[in-house]
Visitor: 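One structure is given below, represented as structure tokens, and several questions about it will come after.
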Amino acid sequence: MLTGAPGAAPQFGRNPQHGPDVAVVGAGPIGLAIAWRCAARGLRVVVYDPAPGSGAAHAAAGMLAPVAEAYFGEHELTGLLTESAARWPAFAAELSTASGTDTGYRGEGTLMVGLTADDLAVARRLWAYQQGLGLPVTPLRPSELRDREPALSPRTRGGAYAGTDHQVDPRRLVAALRTATERAGGTLVPAPVHRLADLTAGITVVAAGCGAAALTGLPVRPVKGQVLRLRAPGAPGFRHVIRGFADGEQVYLVPREDGEVVVGATSEERTDTTVTSGAVLRLLRAATDLVPEVAEYELIEALAGLRPGTPDNAPILGPLPGRPAVLAATGHHRHGIVLTPVTADLIADLIVTGTPDPLLAPFTPERLGSAASSQPVTAAAARGPAGARPTTQEESWN
């Protein structure tokens, strides 16, 4: 990390005269946000990625959902989600100023709904858990739901409102972060990194998503998600993000101001990016069950991406065991967009001060024990056991 008296020139564990102060591997939102924060503090930063923004963020819907994404057994992760979501308004405003680009940040909130009585029973169990954590979940009767969103199906049996669950457009976010990083003095190199030993920076940050496994040996595996993009003939007929259970199928609909609606997403323990007809059918059926008018929208894109999953569904943040000059910022799974501000702040602060924020403690590589090997692993090992089924916690994609 950086050391030295306040105001003094920073010193590194390696000699920074032969390279940048910080090398960031990966130009998705996480890597670019870290690079921007570091470059804004005057550090020499180089970001390596052959195709910036082409990873999980390209397929992501951009939900900032600390409430709706609070699941059983993920108490510490929920705390980090809540902390990061609270930073998003200021982060979005600062980024828009720095880049001159609109990120598509919207704060109408999220409606969580159940189509059938069985769907509502499952949803209410989760909402009760979220309320027990002190999260702002407001139950709504069917008439109250349709007062907020008349486009909802009259079959909807009930729901709840999460006013602090917002959204951003991930593709706009990547563009804004890239511009802000370059304006702050950072350099983007459109090339892959095959070995960390080839980099000469004082500090290396691995924010390579699923690619972190091969570079670091961390247990990061790909989790496939298929997602659709629709186009309304004008503005979408609803304003809120809608997340629902429809005949046992989980689905979300995310409206954009330009008429786009993102519908997603599957969760599959697979490594391919093939779009399947069955996934498209399930997503569209669930979406139209909840919001019938989307059946008339144009289908403009169907794609699949790979989320970087971890054994406990939480990100991996901090120095690799025995390698203090290599920091991990990966494994964000379905939370990469919402966790962008807090990850960037925590990693940049650690680089500059050398002192880890207490928020990092539950998410360091050390928690993974022997799985956090310092040696690269094969792609097959990173994928985990064959035939593993997605858990309830994996059924949505931020």
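The residues of the chain are indexed from 1 along the displayed sequence.
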Visitor: How long is the gap from CG on L115 to CG on L290, to the nearest 0.5 Å?
Guide: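 Result: 5.5 Å between the selected atoms.
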
Visitor: Side chains of L152 and L111: does their closest heavy-atom pair fall under 4.5 Å?
Guide: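 A side-chain contact exists here, since the closest heavy-atom pair is under 4.5 Å.
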
Visitor: Rounded to the nearest 0.5 Å, how far does OG of S84 lie from CZ of F91?
Guide: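 Output value for this atom pair is 8.5 Å.
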
Visitor: Mind checking whether V254 and M63 have side chains closer than 4.5 Å, heavy atoms only?
Guide: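 Side chain of V254 against side chain of M63, heavy atoms only: contact under 4.5 Å found.
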
Visitor: Does the pair E108/R148 count as a salt bridge with the N-to-O cut at 4.0 Å?
Guide: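 No, this pair does not count.
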
Visitor: So, D312 and R367, do they make that salt bridge, N to O below 4.0 Å?
Guide: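 Yes.
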
Visitor: Side-chain contact test, heavy atoms from C-beta onward, threshold under 4.5 Å: evaluate it for L32 versus L188 and give yes or no.
Guide: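 Answer yes - side chains close enough.
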
Visitor: Is there a continuous path of hydrophobic side-chain contacts, each under 4.5 Å between heavy atoms, that joins V122 to W127?
Guide: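 Different clusters: V122 never reaches W127 through Ile, Leu, Val, Met, Phe, Trp or Tyr contacts under 4.5 Å.
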
Visitor: Hydrophobic clustering (ILVMFWY, side-chain heavy atoms < 4.5 Å, transitive) - are Y71 and F245 grouped together?
Guide: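 No, no single cluster joins them.
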
Visitor: Should we say atom CZ of R157 is surrounded by more than 12 heavy atoms from elsewhere, each under 6.0 Å from it?
Guide: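 No - once you tally the heavy atoms of other residues, nucleotides and ligands closer than 6.0 Å, there are 12 at most.
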
Visitor: Check this for me: does any side-chain nitrogen of one of E366 and R323 sit under 4.0 Å from a carboxylate oxygen of the other?
Guide: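 Looking at E366 and R323, the cut-off is not met.
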
Visitor: To the nearest 0.5 Å, tell me how far T78 OG1 sits from E76 CD.
Guide: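 Answer for the OG1-CD pair, T78 versus E76, is 10.0 Å.
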
Visitor: Sort out for me which residue in T274, T276, L303 forms a side chain to side chain contact (heavy atoms under 4.5 Å, CB included) with Q226.
Guide: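 Exactly one pass, corresponding to T276.
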
Visitor: Only counting residues at least two apart or in another chain, list the ones meeting salt bridge (charged side-chain N to carboxylate O under 4.0 Å, His left out) with D272.
Guide: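 Partners of D272 under the salt bridge (charged side-chain N to carboxylate O under 4.0 Å, His left out) test: K224, R270.
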
Visitor: Could you give me the CA-CA distance, side-chain angles and deciding distance for R37 and E94, then say whether salt bridge (Lys or Arg N to Asp or Glu O under 4.0 Å) is met?
Guide: CA-CA 11 Å; R37 288 304 198 204; E94 183 182 356; 3.0 Å; yes

Visitor: May I ask you to test the Y297-P236 pair for a side-chain heavy-atom distance under 4.5 Å?
Guide: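 Yes, close enough: below the 4.5 Å cut-off.
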
Visitor: Is there a side-chain contact between V227 and Y252 in this structure, where contact means two heavy atoms from C-beta onward sitting under 4.5 Å apart?
Guide: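 They are in contact (side-chain heavy atoms under 4.5 Å apart), so the answer is yes.
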
Visitor: Which residue pairs pass the side chain to side chain donor-acceptor pair (under 3.5 Å) test when at least one of the two sits in residues 45-65, sequence neighbours left out?
Guide: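 Of all non-adjacent pairs touching residues 45-65, those that pass side chain to side chain donor-acceptor pair (under 3.5 Å) are H58-R171.
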
Visitor: State the CZ-CE distance between R124 and M112, to the nearest 0.5 angstrom.
Guide: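 Answer rounded to 0.5 Å: 12.5 Å.
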
Visitor: Would you indicate whether the side-chain heavy atoms of E298 and L230 approach each other to under 4.5 Å?
Guide: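 Result no, sub-4.5 Å side-chain heavy-atom pair not found.
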
Visitor: Before you tell me yes or no, could you show the steps for R334 and E74 under salt bridge (Lys or Arg N to Asp or Glu O under 4.0 Å), namely the whole-Å CA-CA distance, both residues' side-chain angles and the distance that decides it to 0.1 Å?
Guide: CA-CA 13 Å; R334 63 187 185 273; E74 297 183 352; 3.2 Å; yes

Visitor: Would V137 and L133 show up in the same hydrophobic cluster when neighbours are defined by side-chain heavy atoms closer than 4.5 Å?
Guide: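 Linked within one cluster.
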
Visitor: Apply side chain to side chain donor-acceptor pair (under 3.5 Å) to residues H333 and T310 and explain how you reach the verdict.
Guide: CA-CA 7 Å; H333 198 200; T310 64; over 6 Å; no

Visitor: If you draw a 6.0 Å radius around CD in E257, do more than 12 non-hydrogen atoms from other residues or ligands fall strictly inside?
Guide: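 Incorrect, the count does not exceed 12.
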
Visitor: Show, in sequence, the C-alpha distance, side-chain angles and deciding distance for R285 and E249, and conclude whether the salt bridge (Lys or Arg N to Asp or Glu O under 4.0 Å) test is met.
Guide: CA-CA 9 Å; R285 182 165 52 202; E249 195 78 37; 5.9 Å; no

Visitor: Look at atom CD of E296 and say whether more than 12 heavy atoms of other residues, nucleotides or ligands are closer to it than 6.0 Å.
Guide: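 Result for CD/E296: open.
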
Visitor: With hydrophobic residues grouped by side-chain heavy-atom distances under 4.5 Å, do L299 and V291 end up in a single group?
Guide: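 Yes, one cluster joins them.
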
Visitor: Who are the salt bridge (charged side-chain N to carboxylate O under 4.0 Å, His left out) partners of R239, not counting sequence neighbours?
Guide: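 In terms of salt bridge (charged side-chain N to carboxylate O under 4.0 Å, His left out), with neighbours along the sequence ignored, R239 is linked to no residue.
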
Visitor: Atom CG of D357 and atom CG of L350: how far apart are they, to the nearest 0.5 Å?
Guide: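 So the gap between those two atoms works out to 9.5 Å.
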
Visitor: Any chance you could measure L317, atom CG, to L339, atom CG, to the nearest 0.5 Å?
Guide: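 Result: 8.0 Å between the selected atoms.
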
Visitor: Would a 4.5 Å heavy-atom cut-off, applied to side chains only, mark F238 and L253 as touching?
Guide: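 They are in side-chain contact.
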
Visitor: Between R243 and D165, is a salt bridge (Lys or Arg N to Asp or Glu O under 4.0 Å) present by the stated rule, with each step listed?
Guide: CA-CA 11 Å; R243 301 175 64 115; D165 282 15; 5.8 Å; no

Visitor: With S99, which of T103, T101, D102 fulfils side chain to side chain contact (heavy atoms under 4.5 Å, CB included)?
Guide: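 For S99, the side chain to side chain contact (heavy atoms under 4.5 Å, CB included) check succeeds only for T101.
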
Visitor: How about E69 and V338: do any of their side-chain heavy atoms sit closer than 4.5 Å?
Guide: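 With C-beta onward as the side chain, the pair stays apart.
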
Visitor: Got a salt bridge between R41 and D21, using NZ or NE/NH1/NH2 to carboxylate O under 4.0 Å?
Guide: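 Not counted as a salt bridge, because no side-chain N and carboxylate O are separated by less than 4.0 Å.
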
